[in-house]
Enquirer: 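Pasting a structure below so you can have a look.
Quick note: numbers below take in every heavy atom, side chains included, and nothing from hydrogens, waters or symmetry partners.
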Amino acid sequence: MLRADNVTFRYHAGTPIVVDAVTLEVGRGDLVGILGPNGSGKTTLLRLLSGTRAPTSGRVLLDGTPMARMSRRDIARRLAVVPQETELAFEYTALEIVLMGRHAHLGLFEVEGPRDYALARESLAATGTAHLEDREFHTLSGGEKQRVVIAAALAQASDALLLDEPTASLDLGYQLDIATLLSTLNRDRGVTMAISTHDLNLAASICRSLVLMRHGRVIASGPTGDVLTPDHVRELYDVDADVHVHDGTGHMTVVPVRRLRP
């Protein structure tokens, strides 16, 4: 469905390469985690996959069509991005936030109709936030805000989401809620997802495959069980870690043991 083909990116001529000759594929129905330390290029890669940045070389394809040939509106109808943080200049209700996801589907000067409202409310229900539709967004908790933003993304493009650090700044309970929500949307609704994250345990618990990045390059990729190894964690973060399958959940768990160098 979504493919980066030997993609390289730098912000300006003469500046360092941020993403370096990366090739990856996100198939329909996949749940892929993109992992790496700060400055590894994973968020930039997500922007390239979303079409909000154009690669310096290489290309990104959506269902076989190069994104460079597609309009922003056409891309937005098929891919939605969930940012790490959502800041609003004005006060909106949760329902109004989700309706914003329908803008890519509206014509010039067209306003939302009954179908748009129905899809927005369906998206709120899918994320467990239907009871919040009349609440102002700024009054919601961090976890509630994140679920509403995911609902807006579903209303925009219900088949593919790109998420940047979806559990950042959330407490443990909300992290579990978001992880469960993403897993459910992928399993029950077939939503394709690529997730950029620092959270190894989130990725281990819900992602079927991983892409590990450092210094803009992919150092390993493949099924989660094959890629998430102590050797790869050491190469990625300079940390010795215990990686094992949790007896209770059946998920892989990563426990940092020792930092190798400051």
Side-chain angles (χ1 to χ4, degrees), residues 1-5 7 19 22-37 40-43 45-50 60-64 78-82 84 126-127 146-147 150 153-154 157-168 170 175-214 217-237 241-255:
M1 177 182 184
L2 187 60
R3 177 178 173 82
D5 188 5
V7 165
V19 173
V22 169
T23 294
L24 68 84
E25 187 165 321
V26 182
R28 189 168 299 278
D30 278 356
L31 207 172
V32 178
I34 303 172
L35 303 179
S40 62
K42 61 185 185 300
T43 295
L45 177 60
L46 207 68
R47 290 171 180 161
L48 294 170
L49 292 175
S50 72
V60 178
L61 301 98
L62 179 58
D63 286 335
R78 300 165 69 182
L79 287 177
V81 177
V82 177
Q84 183 173 341
T127 56
Q146 191 70 328
R147 284 188 287 153
I150 292 171
L154 284 175
S158 61
D159 59 344
L161 304 183
L162 304 177
L163 303 100
D164 188 15
E165 299 288 355
T167 59
L170 299 180
Q175 289 178 28
L176 181 60
D177 289 345
I178 296 299
T180 301
L181 170 62
L182 297 180
S183 183
T184 300
L185 291 173
N186 175 257
R187 183 186 65 245
D188 296 348
R189 296 169 63 98
V191 180
T192 303
M193 298 184 197
I195 301 172
S196 168
T197 182
H198 286 292
D199 190 337
L200 295 181
N201 286 307
L202 168 70
S205 66
I206 68 172
C207 295
R208 287 192 290 277
S209 60
L210 299 177
V211 176
L212 308 186
M213 293 187 67
R214 183 160 185 175
R217 299 187 66 88
V218 173
I219 64 170
S221 64
T224 298
D226 296 340
V227 171
L228 198 58
T229 65
D231 286 345
H232 282 147
V233 173
R234 185 181 304 113
E235 184 178 0
L236 201 62
Y237 292 106
D242 177 28
V243 181
H244 64 275
V245 176
H246 189 275
D247 291 337
T249 65
H251 298 151
M252 298 185 71
T253 301
V254 180
V255 180

Enquirer: In the structure I gave you, are the side-chain heavy atoms of L154 and L161 within less than 4.5 Å of one another anywhere?
Expert: yes
Enquirer: What heavy-atom pair brings T224 and C207 nearest, and what distance separates the two atoms?
Expert: OG1-O, 2.6 Å
Enquirer: Are M213 and I34 side-chain neighbours, meaning at least one heavy-atom pair lies under 4.5 Å?
Expert: yes
Enquirer: Are the side chain of R3 and the backbone N or O of L61 linked by a donor-acceptor pair below 3.5 Å?
Expert: no
Enquirer: Nearest 0.5 Å please: distance from the OG atom of S183 over to the CG atom of D188.
Expert: 8.5 Å
Enquirer: Does some side-chain heavy atom of D63 sit less than 4.5 Å from a side-chain heavy atom of R78?
Expert: yes
Enquirer: Can you give me the closest heavy-atom contact between L49 and L79, atom names plus distance?
Expert: O-CD1, 3.5 Å
Enquirer: Enter the distance from L35:CG to L236:CG here, rounded to the nearest 0.5 Å.
Expert: 7.0 Å
Enquirer: Please check if the side chain of E165 supplies one atom and the backbone of H198 the other of a donor-acceptor pair under 3.5 Å.
Expert: yes
Enquirer: What is the distance from atom OG of S209 to atom CD of E25, rounded to the nearest 0.5 Å?
Expert: 10.5 Å
Enquirer: What closest approach, in Å, do V233 and A241 show between heavy atoms, and which atom pair accounts for it?
Expert: CG1-CB, 3.8 Å
Enquirer: L45 versus S196: any side-chain heavy-atom pair under 4.5 Å?
Expert: no
Enquirer: Check whether any side-chain N or O of S205 sits under 3.5 Å from a backbone N or O of N201 as a donor-acceptor pair, and report yes or no.
Expert: yes
Enquirer: Knowing that exactly one of D177, I206, V82 qualifies, which makes a side-chain contact (heavy atoms from CB on, under 4.5 Å) with L182?
Expert: I206
Enquirer: Please confirm whether the backbone N or O of T192 pairs with a side-chain atom of D30, one donor and one acceptor, at under 3.5 Å?
Expert: no
Enquirer: Looking at V191, is its backbone amide N or carbonyl O close enough to the side chain of N186 to form a donor-acceptor pair, meaning the two atoms are under 3.5 Å apart?
Expert: yes
Enquirer: Nearest 0.5 angstrom please: R187 CZ to R208 CZ, how far?
Expert: 10.5 Å
Enquirer: Can you find a pair of side-chain heavy atoms, one from V32 and one from L24, that are under 4.5 Å apart?
Expert: no
Enquirer: Can you check whether E235's main-chain N or O pairs, donor with acceptor, with R214's side chain at less than 3.5 Å?
Expert: yes
Enquirer: Nearest heavy-atom pair of D199 and T197: which atoms, and what distance?
Expert: N-OG1, 2.9 Å
Enquirer: If you compare all heavy atoms of A157 against all heavy atoms of A80, which two are closest, and at what distance to 0.1 Å?
Expert: CB-N, 3.9 Å
Enquirer: Do you know which of V211, V7, D5 makes side-chain contact (heavy atoms from CB on, under 4.5 Å) with T23?
Expert: D5
Enquirer: Under a 4.0 Å N-O cut-off, is there an ion pair linking K42 with D164?
Expert: no
Enquirer: Find the distance between CE (M252) and OG1 (T229) and round it off to the nearest 0.5 Å.
Expert: 8.0 Å
Enquirer: Quick one: pull up CG in L31 and CG in L163 and give me the separation to the nearest 0.5 Å.
Expert: 8.5 Å
Enquirer: Could you tell me whether the side chain of H232 reaches within less than 4.5 Å of the side chain of L210, counting heavy atoms only?
Expert: no
Enquirer: Between I178 and R147, is any pair of side-chain heavy atoms under 4.5 Å apart?
Expert: yes
Enquirer: Do M1 and D159 come close enough that some side-chain heavy atom pair is under 4.5 Å?
Expert: yes
Enquirer: Looking at S40 and P37, would you say the former's side chain and the latter's main chain have a donor-acceptor pair under 3.5 Å?
Expert: yes
